[in-house]
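The figures here come from the full heavy-atom set of this structure, side chains too, leaving out hydrogens, waters and symmetry mates.
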Amino acid sequence: ISIENQIIDYLKLNNIDYQKLSENNDINNIHNAIHKRIFHEPASDIAYYCYAICHIFTQDSDGLEKYYLLAIEQNNSKAMHGLAKYYKGL
């Protein structure tokens, strides 16, 4: 199973839509964030979005907010929706 498919499976298990990652480096970074809790600076809005998702499961609200906002700065609409959902749940 490829690294990208592992990411897709992880997100599906948690009822989260997958956004296609275009950079191989982002795929490896997201994999490390999910499985090893190692965070490297991502290269795309989608990677920022995925990092925010990772912080949901570690219950790190500062990291969640940081990465959602970085994704939103790059016009990622899923991040806008995710952050709104997070704020609504507070």
Side-chain angles (χ1 to χ4, degrees):
I1 188 166
S2 73
I3 290 174
E4 187 171 19
N5 285 336
Q6 289 177 29
I7 294 168
I8 293 167
D9 290 345
Y10 176 82
L11 295 174
K12 280 183 185 176
L13 282 172
N14 292 286
N15 297 317
I16 298 168
D17 292 332
Y18 175 72
Q19 291 185 10
K20 180 77 175 149
L21 294 162
S22 59
E23 302 287 328
N24 281 334
N25 194 40
D26 278 344
I27 292 169
N28 290 328
N29 286 344
I30 298 304
H31 184 267
N32 285 335
I34 290 171
H35 296 289
K36 300 176 184 174
R37 303 293 182 235
I38 298 171
F39 295 86
H40 299 284
E41 200 58 34
S44 69
D45 66 302
I46 297 169
Y48 283 127
Y49 169 76
C50 289
Y51 271 25
I53 298 301
C54 292
H55 283 84
I56 290 171
F57 303 111
T58 61
Q59 298 181 347
D60 174 4
S61 58
D62 291 336
L64 174 142
E65 204 168 6
K66 171 187 173 180
Y67 287 111
Y68 268 148
L69 289 171
L70 288 168
I72 290 167
E73 284 178 11
Q74 296 183 26
N75 298 315
N76 186 298
S77 61
K78 286 191 181 280
M80 290 178 207
H81 177 75
L83 186 60
K85 255 176 92 172
Y86 170 72
Y87 285 146
K88 185 178 179 182
L90 291 179

Q. Is the backbone of His40 close enough, under 3.5 Å, to the side chain of Tyr51 for a donor and an acceptor to pair up by distance?
A. yes
I need the [X] [atom1] to [Y] [atom2] distance, nearest 0.5 Å.
| X | Y | atom1 | atom2 | value |
| --- | --- | --- | --- | --- |
| Asn76 | Cys50 | CG | SG | 9.0 Å |
| His55 | Asp60 | NE2 | CG | 4.5 Å |
| Asp45 | Glu73 | CG | CD | 11.5 Å |
| Met80 | Tyr49 | CE | OH | 12.5 Å |
| Cys54 | Ile7 | SG | CD1 | 8.5 Å |
| Ile46 | Ile27 | CD1 | CD1 | 10.5 Å |

Q. Is the CD atom of Glu41 crowded by more than 12 outside heavy atoms at less than 6.0 Å?
A. yes
Q) Given the rule in the side-chain contact (heavy atoms from CB on, under 4.5 Å) test, do Lys12 and Ile8 qualify, once you have shown the distances and angles that lead to the verdict? A) CA-CA 6 Å; Lys12 280 183 185 176; Ile8 293 167; 3.7 Å; yes
**Q.** Smallest separation among heavy atoms of Tyr68 and Ile56, with atom names
**A.** OH-CD1, 3.8 Å
Q: Give the C-alpha distance, both sets of side-chain angles, the deciding distance and a yes or no for side-chain contact (heavy atoms from CB on, under 4.5 Å) between Glu4 and Lys20.
A: CA-CA 9 Å; Glu4 187 171 19; Lys20 180 77 175 149; 2.9 Å; yes
Q. Ile72, Tyr87: one ILVMFWY side-chain cluster at the under-4.5 Å cut-off?
A. yes
(Q) Over 60° means perpendicular and under 30° means parallel, so tell me whether Phe39 and Tyr67 are parallel, tilted or perpendicular. (A) parallel
